[in-house]
**Student:** 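My questions will all concern the structure given below.
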Amino acid sequence: MTIRHFLNLADAGPEGVTAILQDAQARKAARAGFTKGRVDADAPLAGHTLAMVFEKNSTRTRVSFDMAIRQLGGTSIVLDAGTMQLGRGETIADTARILSGYTDAIMIRTDDHAKVEEMAHYASVPVINGLTDLSHPCQIMADLLTVIEAGKTLSGLKVAWLGDGNNVLHSIVEAGGLLGFDVVAACPNGYHPEPGTLELGRGRATCTTDPRAAVEGADIVVTDTWISMGQAHAEEKLAAMMPYQVNAELMALAKPDAKFLHCLPAHRDEEVTSEVIDGPQSLIWPEAENRLHAQKSVLRWCFGQIG
């Protein structure tokens, strides 16, 4: 039987992504009124254990995956690289083999995307990308779920991205290519997305240096922190990014019913003003919660229960 890894959205493909989103909607609705720690009625992953490996700090990924496997009836083991042998030089390949013998799936949050690819190559259980420098597919599954809940149809949307051409943008463009929506990224010179990223959009992704052109007529406006984990707090970069700040003036160029997303944590009044992030168009809190619901269905997809 082929092992289902979830390293990028393309691993699931359009049919798999759609199945995950539909399952997430249904399972979230079925939990209405439940306490957070109550197990889903069908407990579909009872007896399963998820290993969570962290080489980068985390709030949302750690808590959402931990609660996801618990609500599905399983258990988790949290592993910080600094307190395991991986932090003392044991290879990714050896770690993958060892964890495969102890657990039923592995989620890893790290820097170099090659690490998750190596983990998946040597693991005999599903591996999930909790974040790499290249992509952040679990975040985008939550974003897509949030957009659907807001009453929008994904196909034909215009999504505007403001700021750094980073890993989150990479996965948004990939989603647009798979599901048929347009992505217009506005990035300053020197901070455009990695070569090949726009090609993932299958002709529906473009990049400009003009933030106003990107946001004009947009259904969804998205940004992220300008200074990522592990980067120095670069004044030069902040200066280049300031024209791309999402503020009320910029949001006014989007459609009247446009929504604002941010994967968090946010640096308020840098990449986005508090007025926008706390305003009526912002969906950041349901977006954050939906990490839990989307990842439950990602786990079920990895185990072949859906899609």
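Just so it is clear, the model here is predicted, and its values are computed rather than measured.
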**Student:** Quick check: does any side chain N or O of Gln305 sit under 3.5 Å from a backbone N or O of Pro44, one acting as donor and the other as acceptor?
**Tutor:** yes
**Student:** For the residue pair Leu157 and Val147, what are the closest heavy atoms and their distance?
**Tutor:** CD1-CG1, 3.7 Å
**Student:** Is there a path from Leu178 to Ile20 through hydrophobic residues (I, L, V, M, F, W, Y) whose side chains come within less than 4.5 Å of each other?
**Tutor:** yes
**Student:** Using a cut-off of 6.0 Å, state whether more than 12 heavy atoms not belonging to Gln25 lie near its atom CD.
**Tutor:** yes
**Student:** Would a hydrophobic clustering, with Ile, Leu, Val, Met, Phe, Trp and Tyr connected at side-chain separations under 4.5 Å, put Leu50 with Val298?
**Tutor:** yes
**Student:** Between Asp269 and Ser274, is there a donor-acceptor pair closer than 3.5 Å when you use the side chain of the first and the backbone of the second?
**Tutor:** yes
**Student:** Hey, does the side chain of Glu216 reach the backbone of Leu253 with a donor-acceptor pair shorter than 3.5 angstrom?
**Tutor:** no
**Student:** Compare all side-chain heavy atoms of Leu72 with those of Arg27 and state whether any distance is below 4.5 angstrom.
**Tutor:** yes
**Student:** I'd like to know if the side chain of Glu118 reaches the main chain of Ile92, judged simply by a donor and an acceptor atom lying under 3.5 Å from each other, with no hydrogens or angles considered.
**Tutor:** no
**Student:** Shortest non-hydrogen contact from Pro193 to Leu198?
**Tutor:** CG-CD2, 4.3 Å
**Student:** If only atom types and distance count, is the side chain of Asp219 paired as donor or acceptor with the main-chain N or O of Lys158 below 3.5 Å?
**Tutor:** yes
**Student:** If the test is side-chain hydrogen bond (donor to acceptor under 3.5 Å, both in side chains), which one of His136, Gln139, Arg291, Lys56 qualifies with Thr61?
**Tutor:** Arg291
**Student:** If I take atom CG from residue Asp66 and atom OG1 from residue Thr75, how far apart are they, to the nearest 0.5 angstrom?
**Tutor:** 9.5 Å
**Student:** Should Leu134 and Trp161 be counted in the same cluster of Ile, Leu, Val, Met, Phe, Trp and Tyr side chains packed under 4.5 Å apart?
**Tutor:** no
**Student:** For residues Thr59 and Pro265, determine if any side-chain heavy atom of one lies less than 4.5 Å from a side-chain heavy atom of the other.
**Tutor:** no
**Student:** What distance separates Ser124 OG from Leu99 CG, expressed to the nearest 0.5 Å?
**Tutor:** 10.0 Å
**Student:** Is there a side-chain contact between Leu292 and Gln71, using heavy atoms and a 4.5 Å cut-off?
**Tutor:** yes
**Student:** Linking I/L/V/M/F/W/Y whenever their side-chain heavy atoms sit closer than 4.5 Å, directly or via other members, would Leu131 and Leu169 fall into one cluster?
**Tutor:** no
**Student:** Between the side chain of Asp40 and the main-chain N/O of Asp42, is any donor-acceptor distance below 3.5 Å?
**Tutor:** no
**Student:** Is Arg204 salt-bridged to Asp182, going by a charged N under 4.0 Å from an acidic O?
**Tutor:** yes
**Student:** Would you sort out whether Ile220 and Leu283 count as a side chain to side chain contact (heavy atoms under 4.5 Å, CB included), showing the intermediate values?
**Tutor:** CA-CA 10 Å; Ile220 306 293; Leu283 295 177; 5.9 Å; no
**Student:** Look at the side chain of Ser64 and the backbone N and O of Arg60, then say whether any donor-acceptor pair between them is shorter than 3.5 Å.
**Tutor:** yes
**Student:** Do any N or O atoms from the side chain of His192 and from the backbone of Cys187 form a donor-acceptor pair under 3.5 angstrom?
**Tutor:** yes
**Student:** Between atom CD of Gln85 and atom OG1 of Thr95, what is the distance when rounded to the nearest 0.5 Å?
**Tutor:** 9.0 Å
**Student:** Please examine the side chains of Phe260 and Glu287, heavy atoms only from C-beta on, and report whether any two atoms are closer than 4.5 Å.
**Tutor:** no
**Student:** Could you tell me whether the side chain of Glu55 reaches within less than 4.5 Å of the side chain of Asp112, counting heavy atoms only?
**Tutor:** no
**Student:** For the hydrophobic clusters of this structure (ILVMFWY residues joined by side-chain heavy atoms under 4.5 Å, transitively), does one cluster hold both Met84 and Val116?
**Tutor:** yes
**Student:** For residues His267 and Trp226, determine if any side-chain heavy atom of one lies less than 4.5 Å from a side-chain heavy atom of the other.
**Tutor:** no
**Student:** Say you draw a straight line from CD1 of Ile108 to NZ of Lys115; how long is it, rounded to the nearest 0.5 Å?
**Tutor:** 7.0 Å
**Student:** CE of Met242 to CD of Glu271: how many Å apart, nearest 0.5 Å?
**Tutor:** 10.0 Å
**Student:** Among Thr225, Leu162, Asp164, whose side chain to side chain contact (heavy atoms under 4.5 Å, CB included) with Met241 holds?
**Tutor:** Asp164
**Student:** Does any N or O in the side chain of His170 come within less than 3.5 Å of the main-chain N or O of Ser135, such that one atom is a donor and the other an acceptor?
**Tutor:** no
**Student:** Is there a side-chain contact between Leu144 and Phe181, using heavy atoms and a 4.5 Å cut-off?
**Tutor:** yes
**Student:** Answer whether the closest heavy-atom distance between the side chains of Leu45 and Lys296 falls below 4.5 Å.
**Tutor:** no
**Student:** Atom NZ of Lys259 and atom CE of Met251: how far apart are they, to the nearest 0.5 Å?
**Tutor:** 9.0 Å
